[in-house]
Amino acid sequence: MRWSSAFIPTLRDDPADAEAVSHRLLVRAGFMRQLMAGHYSLTPLGFRSLRKVEAIVRDEMEKIGAQEFRLPCMHPREIWEKSGRWDSVGEEMFRLQDRKGADLALGMTHEEIFAHLAAELRSYKALPQIWYQFQTKFRDEARPKSGLLRVREFTMKDSYTFDIDDAGLDTSFNRHLEAYRRIFKRFGFDVVAVEASSGVMGGNQSIEFMLKSDAGEDWVAHCEKCGYAANVEKAQSILPAIQDEAEDDESASSTEKFATPNIKTIDALAKMEGGAEASRQIKTLVYVIDGKTLLILLRGDHQLSEQKLIDQVESFEMRPAEVSEIKAALGASPGSLGAVGLGDLFIIADEALRGRRNMVTGANENGFHLRRVDIERDITVKAWLDLREVSTGEGCPMCEAPLSVHKTIEVGHIFKLGTKYTAAMGASVQNENGKSVPITMGSYGIGLERSLAAVVEANHDENGICWPVNIAPYEVVVTVVKPKDVDCHEAGERLYEKLSEAGIEVLIDDRDERPGVKFKDAELIGIPYRVTIGPKGLADNRFELVRRADGSKRDVPIERAADMIIEAVLDERS
RNA sequence: CGGGCCGUAGCGCAGUCUGGUAGCGCGCUUGACUGGGGGUCAAGAGGUCGCGGGUUCAAGUCCCGCCGGCCCGACCA
């Protein structure tokens, strides 16, 4: 491709409304433009890179025996009703009606449709099957953000496995796990595979593939020592044991109410004279779950993980209670709430509170708290659950080394689904005994545009993107410093021809621009190798070869230049 | 969906408080010089000031409504 005739709309300034590195650079380097919030047009540069992402995924899918499909992205209401998700996914699904008034959905994922097709499988002999597609997914995100990282319309590679039993599912699942590791490695970044919540998908196990990045929005707890890693929605940790010395005067056998005027937060109570440090307080949260009010108790310095609560409490709808509801149920306002003496409410307590004594909590009377609370003695806990979100420094549940919690981008997610969708769609086969059994299903996704952005997040510097050869829109840029000079022009054209003939993807910068402009642009768009052809080098019978990733430069003799460049590029393809 | 900030030329911004000819830098066009890190000079093109309504002799500026975007939070197969 000739730069002079290519559409590569680079910007000299950063776009004002882009904050995430990948967003800023992909726009500035001319890979994409925004159409509206959460919807981006890819330019030829962007689309070339996306196709490389797609090709790598396809290659690895084919390697595990997957067969490519192409399904509709518009679905009838009925099929989503069969699985129950027409109602359960709520506002995140785009819905529309056709001219007859029939309800349709824009597919946000394709479990239903693939399971519907799987109903044509009749015999265990046909299993296992691995099916996949690349398809646009639509999700009405409440808040699209960070360029391609969180959008409303994107391409996903989604695959689905169909097995006769759980052992088969395990095999299919592990094949994907390995394929995904290879895929992300070829993308040029390191991922950590973490235990995750399955959310609305259902199923019993899921693993997310996370890239550590400040641009991310998922928090992962990771142990450097033993490799334990889990989304904070699932992660557990070990806390140092706390010894609660009960005071040994007589009053220790009961709680004591004390005045706490204007004290409404854990923090304020910790600072108040006669108060208690946060870890000695009981935090009382009020939730409404399927219309029933219940209390959630945590240690004062701990945060509730709502996802953990959702995962452990079977419910249709869950929300924090309104202040008015809290007053009606407990007789006090937030800031003075406690669970002592509320035996008729359902009380769930976090495991970290088990056995604690001499604690402080609200008295359910505005401006008063209770001290010397013994949880076992004074509170009727109906269920002990792991509900707290882990934080940095707490002990790894496997090896007790300190955990670190950091932000990550979710680039892939794989689920063991079981029979939820196959049962709903009537996808069953006859086993060896002639008995009909539902197929066991797995589902596996990779967001293509998000992966592309993740590559940028992981591979850039202050001058622009540093694409790995595998994802780069072009592998080599031939920068002709002085295109009006006949010798420069011809030397550039010859090299361009040779490289192209060898199957190298080359961009020749034949624009009548200052050298500085060309160098800056080449670095901004991040082509892995740049060959500089100018009068100076020509006089010495050499070109300069610069590697974008590390800035390393070397002079190459003109007659050997093409071969050396080809070798360098092929060496980095994988 | 709650909170904050913002919509003025392709991009980045000033002008809005205090109403009075719509500006600056970059980019773009033409020409000249220049040519190994965003060069110089000259001449140009480019705007329904997000949209609608109102106040006023006069609105980018003031008032009301709406739309759109970014960030934080909630939510997120």
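Just so we're on the same page: letters track the sequence lines, and every chain starts at 1. Scope of the values below: all heavy atoms of this structure, side chains included, with no hydrogens, waters or symmetry mates.
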Q.
Tell me every residue that passes side chain to side chain donor-acceptor pair (under 3.5 Å) with A:Ser213, counting only those two or more places apart in sequence or in another chain.
A. none
Q.
Suppose we screen for side chain to side chain donor-acceptor pair (under 3.5 Å). Which residues come up paired with A:Glu60, at least two apart in sequence or across chains?
A. A:Lys63, A:Arg182, A:Arg186
(Q) When the C1' atoms of B:G69 and B:C17 are compared, how many Å lie between them, rounded to an integer? (A) 24 Å
Q.
Under a plain distance cut-off of 3.5 Å, with no hydrogens placed, do A:Thr265 and A:Asp267 share a side-chain donor-acceptor pair?
A. no
Q. If pairing requires Watson-Crick or G-U wobble contacts with both distances under 3.5 Å, which nucleotide is the partner of B:G35?
A. none
Q. With both distances under 3.5 angstrom, what nucleotide forms a Watson-Crick or G-U wobble pair with B:C1?
A. B:G73
**Q.** Spacing of the P atoms in B:U29 and B:G10 (rounded, Å)
**A.** 15 Å
Q.
Rounding to an integer number of angstrom, what distance separates B:G52 and B:G60 when you compare their P atoms?
A. 12 Å
Q) Given that A:Ala18 and A:Glu523 both sit by RNA chain B, which one's nearest nucleotide is further toward the 5' end? A) A:Glu523
Q. Hey, mind stepping through A:Asp487 and A:Lys482 against salt bridge (Lys or Arg N to Asp or Glu O under 4.0 Å) and telling me if it holds?
A. CA-CA 9 Å; A:Asp487 292 339; A:Lys482 200 174 174 183; over 6 Å; no
Q: Could you pick out which residue, A:Ala37 or A:Met156, lies toward the 5' side of RNA chain B when each is mapped onto its nearest nucleotide?
A: A:Ala37
Q: Round to the nearest Å and state the distance from A:Arg511 atom CZ to B:U29 atom C1'.
A: 17 Å
Q) Nearest-Å distance, NE2 (A:His39) to P (B:G68)? A) 12 Å
Q: For nucleotides B:U61 and B:A22, find the distance between their C1' atoms and express it as a whole number of Å.
A: 12 Å
Q | Salt bridge flag under 4.0 Å for residues A:Arg319 and A:Glu325 | A | yes
Q: Would you tell me whether A:Thr109 and A:Glu111 have side-chain atoms, one donor and one acceptor, within less than 3.5 Å of each other?
A: yes
Please tabulate the protein-to-nucleotide N/O contacts below 3.5 Å involving nucleotides 39-45 of chain B, giving atom names and distances.
from	atom 1	to	atom 2	distance (Å)
B:G39	N7	A:Arg514	NE	3.3

**Q.** Spacing between A:Glu513 atom CD and B:G36 atom P, to the nearest angstrom
**A.** 14 Å
Q. Could one point to a donor on the side chain of A:Glu544 or the base of B:G36 with an acceptor on the other under 3.5 Å away?
A. yes
Q) Would you say the ring centroid of A:Phe31 lies under 6.0 angstrom from that of A:Trp467? A) yes
Q.
Between B:A45 and B:C51, how many Å separate the two P atoms, rounded to a whole number?
A. 24 Å
Q: Looking at every strand, decide which applies to A:Arg530 at a 4.0 Å heavy-atom threshold: base, sugar-phosphate, or nothing.
A: base
**Q.** Nearest-angstrom distance, C1' atom, B:G15 to B:C24
**A.** 10 Å
**Q.** Whole-Å gap separating C1' (B:G37) and CG (A:Asp521)
**A.** 12 Å
Q. Atom CG of A:Leu35 to atom P of B:G68: distance rounded to whole Å?
A. 13 Å
Q: Going 5' to 3' through nucleotides 5-10 of chain B, assign each nucleotide B (protein heavy atom under 4.0 Å from a base atom), S (under 4.0 Å only from sugar-phosphate atoms) or - (no protein heavy atom that close).
A: ------
Q) If you measure only the distance, is there a donor-acceptor pair under 3.5 Å linking the side chains of A:Thr161 and A:His176? A) no
Q | Euclidean distance, atom CE of residue A:Met36 to atom P of B:G50 [Å, nearest integer] | A | 22 Å
Q. A:Leu524 CG to B:C26 C1': how many Å, rounded?
A. 15 Å
Q. Taking atom P in both B:G4 and B:U16, what distance in whole Å separates the two?
A. 24 Å
Q. To the nearest angstrom, how far is A:Ile533 atom CD1 from B:G35 atom C1'?
A. 16 Å
(Q) Could you identify the nucleotide paired to B:C28, looking across every strand shown and requiring Watson-Crick or G-U wobble geometry with both distances under 3.5 Å? (A) B:G44
Q | P-based separation of B:G35 from B:G50 [nearest Å] | A | 45 Å
Q) Taking atom types as modelled and ignoring hydrogens, do the side chains of A:Glu449 and A:Thr155 form a donor-acceptor contact shorter than 3.5 angstrom? A) yes
(Q) Listing request: all ring pair (Phe, Tyr, Trp, His ring centres under 6.0 Å) pairs with a residue in residues 135-161 of chain A, at least two apart in sequence or in separate chains. (A) A:Phe114-A:Tyr160
**Q.** hbond_proxy A:Asp512 side chain to B:G35 base (donor-acceptor, 3.5 Å cutoff)
**A.** yes
Q: Look at all strands and tell whether A:Gly537 reaches a base, only sugar-phosphate, or nothing, counting heavy atoms closer than 4.0 Å.
A: base
Q) What pairs with A:Tyr496 under side chain to side chain donor-acceptor pair (under 3.5 Å), at least two apart in sequence or on another chain? A) none
Q: Only counting residues at least two apart or in another chain, list the ones meeting salt bridge (Lys or Arg N to Asp or Glu O under 4.0 Å) with A:Glu493.
A: A:Arg2
Q: Look through every strand shown and name the nucleotide pairing with B:G23 as Watson-Crick or G-U wobble, where both distances are under 3.5 Å.
A: B:C13
Q: Just name whichever nucleotide pairs with B:U56, Watson-Crick or G-U, keeping both distances under 3.5 Å, else none.
A: none
**Q.** Base of B:G69 paired with side chain of A:Gln34 (donor-acceptor, under 3.5 Å)
**A.** no
**Q.** Residue A:Arg554 excluded, over 12 heavy atoms near CZ under 6.0 Å
**A.** no
Q.
Quiz question: going by heavy-atom distance under 3.5 Å, is there a donor-acceptor pair between the base of B:G27 and the side chain of A:Arg28?
A. no
(Q) Just to verify, what does A:Tyr40 make a ring pair (Phe, Tyr, Trp, His ring centres under 6.0 Å) with, not counting sequence neighbours? (A) A:His23
**Q.** Counterpart residues, side chain to side chain donor-acceptor pair (under 3.5 Å), relative to A:Asp540 (two or more places apart)
**A.** A:Arg542
Q | From CA spacing to verdict: salt bridge (Lys or Arg N to Asp or Glu O under 4.0 Å), A:Lys484, A:Asp512 | A | CA-CA 8 Å; A:Lys484 283 182 180 168; A:Asp512 184 19; 3.2 Å; yes
At a cut-off of 3.5 Å, list every protein nitrogen or oxygen paired with a nitrogen or oxygen from nucleotides 72-75 of chain B, distance to 0.1 Å.
from	atom 1	to	atom 2	distance (Å)
B:C72	OP2	A:Arg143	NH1	3.4
B:C72	OP2	A:Arg143	NH2	3.2
B:C72	N4	A:Arg143	NE	3.3
B:C75	OP1	A:Glu306	OE1	2.7

Q: State which residues pass salt bridge (Lys or Arg N to Asp or Glu O under 4.0 Å) with A:Arg143; sequence neighbours excluded, sorted by chain then number.
A: none
So which protein nitrogen or oxygen atoms get under 3.5 Å of nucleotides 12-14 of chain B's nitrogens or oxygens?
from	atom 1	to	atom 2	distance (Å)
B:G12	OP1	A:Ala16	N	2.8

Q: Find the partner of B:U18: check Watson-Crick (N1-N3 plus N6-O4 or O6-N4) and G-U wobble (N1-O2, O6-N3) distances, both under 3.5 Å, and reply none if neither fits.
A: none
